[in-house]
Amino acid sequence: MTWDRQINLKTPAQIKIMREAGRINAAVLAAVKERLQPGVTTIELNAAAEEVLKSHGCTSPFKGYGNPPFPASITVCINDEMVHGIPHPKRKLKEGDIVSVDCGTIYEGFVADSAFTAGVGRISPQAARLLEVTEGALYAGVEKMRKGNRTGDISAAIQSFVESRGFHVTREYTGHGVGRKMHEGPQVPNVGIAGTGTLLRPGMTIALEPMVLAGTHETRVLPDKWTVVSADGSLTAHFEHTIAVTEGDPLILTVL
Ligand code: MG
Ligand code: MG
């Protein structure tokens, strides 16, 4: 991932645009979620996402990103795959899988970035618990996105939420500022120490994204140079929202 570490504060008008980007991104993810059925291929999920993006005249910043260029508009990860999975025509969903879908939307020059994990049909109690804890960790982080707090407060909240429930949080992959670029400053790790890091100010827009693993926190990257999996093959989950720091409560941008 290439990073621009600069923090760009957004004006209220820019946050309005990002809210619209977030609304479209939420519609994309909702369309993909509806299609999580046994037998559906991951490339079909990508096609469904692209149809919604296109209907809004939008594109995803994922397509063509990085080196080798990412070939799709969403990432799709099944079970032990944590992030950056490449949609494929031969990859079919099965009953009991958990599927993580991440999408970005560029609207009027601004990016929204969001992800969810959901089950295909009936899933195991452990998988259901993993999803619940990962989503809960995201909201524990969102709650700390307040003027005067620091990024370490967010990181610590995510880490303690996950670890106190017996799961593990990634060390290598982090949340990030988002705006005209998908990755801006500040970086927001999923582990950290309260009271440290960058001071949060109104106008900051940040994508928080806990990535949680059932076995250990260790990951590795597959030979396709994109797909990140748990090192021990255990289940993983990923939830993400783009959120604005305001004078008051945190404003989640990536909802309908
Ligand atoms: Mg994302
Ligand atoms: Mg992100």
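Just follow the structure's listing: the first ligand is 1, and inside any ligand the first atom is 1.
- Residues T216 and H168 have side chains that never bring a donor and an acceptor to within less than 3.5 angstrom of each other.
- Within the 2.8 Å limit, H176 places at least one N, O or S atom next to the Mg ion (ligand 2).
- Taking a cut-off of 2.8 Å, the protein N, O or S atoms nearer than that to the Mg ion (ligand 1) are D102 OD1, D102 OD2, D113 OD1, E240 OE1.
- Other residues sharing the hydrophobic cluster of L222, ordered by chain and number and joined by side-chain separations under 4.5 Å: V229.
- Judged by distance alone, the side chains of H217 and E172 never bring a donor and an acceptor atom under 3.5 Å apart.
- For H88 (side chain) and K90 (main-chain N/O), a donor-acceptor pair under 3.5 Å exists by modelled atom type.
- A salt bridge does not link E132 to R165: none of the charged nitrogens lies less than 4.0 Å from a carboxylate oxygen.
- The 12-atom threshold is not exceeded at CD of E51, counting heavy atoms of other residues, nucleotides or ligands nearer than 6.0 Å.
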